[in-house]
Each structure stands twice: as structure tokens, then as C-alpha cells.
Amino acid sequence: MTETTTPHQALAGKKALIVGVANEASIAYGCAKAFKDLGADVCLTYQNDKAKPFVEPIALELGAEIFAPLDVTQADQMDALFETITQRWGKIDLLVHSIAFAPKADLQNGLLMSSAEGFAKAMDISCHSFLRLARRAVPLMSDGGCMFAMSYHGANKVVPNYNLMGPVKAALEAACRYLAYELGPKKIRVHAISPGPIQTRAASGLKEFDVLLAHSVSTAPIGEPVDVMDVGLTCAYLASPYARHLTGSTVYVDGGINIMA
Ligand code: NAD
């Protein structure tokens, strides 16, 4: 940290790739806005042509220097994205993986009944794609960096209706720890972030999400809903030099609900 660095420019000059903006309700939007507000340049992606009209205005609002398609199941799109980043920026400092998917039938019918295909797809998009992004980002993080993946409390405790996403998020959190170990010598830090329930498009795929949200507000020590800027600003702090010796942890942004019985 230089002597002149202030909290308001803590991410000045940093280049951030943020994957997972669908609209302004997205957790990834909170990350992109917080990073931008603290001085970073952002690259945003959109999943497909259907998503593009919703993400494009956000890319304009945040002055995204790179705006590109990325379906993480398409290796050629991921390669093309990193080729563009290499040419435009020549480096990445921050990577945010804020995506998840499970086929509805597999998600909503209990873990016992989840199909091998559905489970594998959920694991691929929600967990292994983080490793594929990280692998491509590491050569561009020659000055160190910071990576984030969005998890949820259902990784560690049984949350009714979270079903197969519980084991998938558990794998994601473990992946963050192992990546933190492998990448620590390169001064690349890795965090799982565990937000409390937030009303987003992905959340609407869970059965009785409104009950979960209401319960978390009534039970959490800080009895207020978490919002996407709470998550974004936490990531911004972790990305900043103020957190340079923090890595590998799961950071809860949930008003404290994870400490409750
Ligand atoms: P969201 O719907 O705004 O974002 C999910 C994103 O995943 C979308 O942008 C979608 O395009 C993307 N996505 C899905 N499949 C993809 C693919 N094949 N390729 C590229 N992108 C793909 O919802 P959100 O709640 O902001 O979700 C972001 C992350 O936060 C997820 O990992 C989710 O599990 C996690 N999370 C959400 C909550 C919550 O309550 N909303 C709580 C804890 C963790």
C-alpha cells in the first residue's frame, strides 16, 4: 500500500473480470459497481444473446472497458474472452465468479432424486467453471491478484430446499481453499463469499425462497436484508491492500445468520 492510497481509490488501476451479471439485482452487479466506485476498470460478460440487452446498459453505466459473451460451458468463448483481455489489458487483478445453475427438476426434487447428469451439470457450471476461469487468469496475474466465488451457507449446514446446491457449494468452498494454497506463492488470494439470501433471478429457482429470506431477516443478529452492495463492498475490501494477508476463507455477508442455531 502506498502512503497516498485512500479507501476511495483502493482499487485504482486494478483490472477486474466479473462473470455473472444478469441485471441490477445480480450479486455480480454489486461487485462490479463497488470495484468501479473504488477506481477499478471492469470487464463484464453476458451469458447469451437473450441476456445481452439486460447487461449492456450496466456495462455502459460502469464504463466497462471490455464487454463480451461468455457461456462458461463454451471453451472457445472463454478462450476468446481471455485473448481479448490479454490484448486490451495484458493483465487481470481481480476475478469474480458469481454464477450458478442446476436443472430445475434436479434442484427442486431433493438431493436423493437428483440425476447424475443434473448433478454433473450443476457442478460444472457452478464450481468447475471457476477453476477454468482461474486457470486462464493466473498467467495474467503476474503481480498477484484476488479471486472470488459466490457460495452459500447451505454448503455447511442443511438449508431446506437448497438440495443438490449444498454439496455443489461445499465443493466450491473447498476449491477456494485448495486454490488459495496453490496460488498463495504467486500472491494470488482466493475467497469464497457467502451472502445471505438476496432476491435475484437465480434465487427465484429455489422453492419457497421468500420463506428463507423472511426467516434470515427475522433470525439474523443484524435483522435486515443483505443487499448486493453489501457483498460488493466486502469483496472490494478483500481485494484491496488492506486485506493483503487474508486468503482461503469463506467470508459471510449475511447479517450473522451463520452463527445462529
Ligand atoms: P443472478 O441470476 O443474478 O446471477 C446468476 C448468473 O449466473 C447469471 O448472470 C447467469 O447468466 C449466470 N450463469 C448461469 N449459467 C451460466 C453459464 N453457463 N455461463 C455463464 N453464466 C451463467 O443470481 P445471483 O443470486 O446474483 O447469483 C450469483 C451467485 O451468487 C450464484 O453463485 C449464487 O449461487 C450465489 N448466491 C446467491 C444468493 C442469493 O440469495 N441470491 C445467496 C448466496 C449465494
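Model, not experiment: these values are computed from the prediction. Order of listing sets the numbers, starting from 1, for every ligand and every atom in it.
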Heavy-atom contacts with [X] under 4.0 Å: which atoms of ligand 1 show up? List them by number with element.
| X | value |
| --- | --- |
| S98 | 5 (C), 6 (C), 28 (C), 29 (C) |
| G196 | 40 (O), 42 (C) |
| R201 | 2 (O) |
| P197 | 40 (O) |
| V21 | 9 (O) |
| D71 | 17 (C), 18 (N), 19 (N), 20 (C) |
| A22 | 3 (O), 8 (C), 9 (O) |

Tell me whether ligand 1 is touched by [X] - counting only heavy atoms on the residue side and a distance under 4.0 Å.
| X | value |
| --- | --- |
| P195 | yes |
| K169 | yes |
| S129 | no |

[atom]: nearest protein contact (heavy atom, Å):
| atom | result |
| --- | --- |
| atom 2 (O) of ligand 1 | A202 N, 2.9 Å |
| atom 11 (O) of ligand 1 | Q47 OE1, 2.7 Å |
| atom 31 (C) of ligand 1 | A100 CB, 3.6 Å |
| atom 19 (N) of ligand 1 | V72 N, 2.9 Å |
| atom 3 (O) of ligand 1 | S26 OG, 2.6 Å |
| atom 41 (N) of ligand 1 | I198 O, 2.9 Å |
| atom 35 (C) of ligand 1 | M150 CB, 3.7 Å |
| atom 20 (C) of ligand 1 | L70 O, 3.3 Å |

Below the 3.5 angstrom mark, is there an N/O of [X], backbone or side chain, next to an N/O of ligand 1?
| X | value |
| --- | --- |
| G20 | yes |
| Y162 | no |
| I27 | yes |
| V19 | no |
| A28 | no |
| T200 | yes |

Location of contacts on [X] toward ligand 1, heavy atoms closer than 4.0 Å:
| X | value |
| --- | --- |
| F209 | side chain |
| I125 | side chain |
| S151 | backbone |
| T45 | neither |

Any donor and acceptor pair, going by atom type alone, linking the side chain of [X] with main-chain N or O of [Y] inside 3.5 Å?
| X | Y | answer |
| --- | --- | --- |
| D106 | A102 | no |
| S204 | R201 | yes |
| R189 | A243 | yes |
| D230 | D227 | yes |
| R88 | E65 | yes |
| R244 | A239 | no |

| query | Is it true that D79 and R136 have a side-chain N and a carboxylate O under 4.0 angstrom from each other? | reply | yes
Crowding at [atom1], [X] (>12 non-hydrogen neighbours, <6.0 Å):
| X | atom1 | value |
| --- | --- | --- |
| K121 | NZ | no |
| K14 | NZ | no |
| I222 | CD1 | no |
| F54 | CZ | no |
| L112 | CG | no |

| task | Please work out whether the ring planes of H191 and F148 are parallel, tilted or perpendicular, with thresholds of 30° and 60°. | result |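 Rings of H191 and F148: parallel, as their planes differ by under 30°.
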| Of all heavy-atom pairs between K169 and I99, which one has the smallest distance, and what is that distance? | NZ-O, 4.5 Å
| Judged by modelled atom types alone, do Y152 and E173 share a side-chain donor-acceptor pair under 3.5 Å? | no
| field | side-chain contact (heavy atoms from CB on, under 4.5 Å) assessment of W89 paired with T84 | value | CA-CA 8 Å; W89 285 348; T84 303; over 6 Å; no
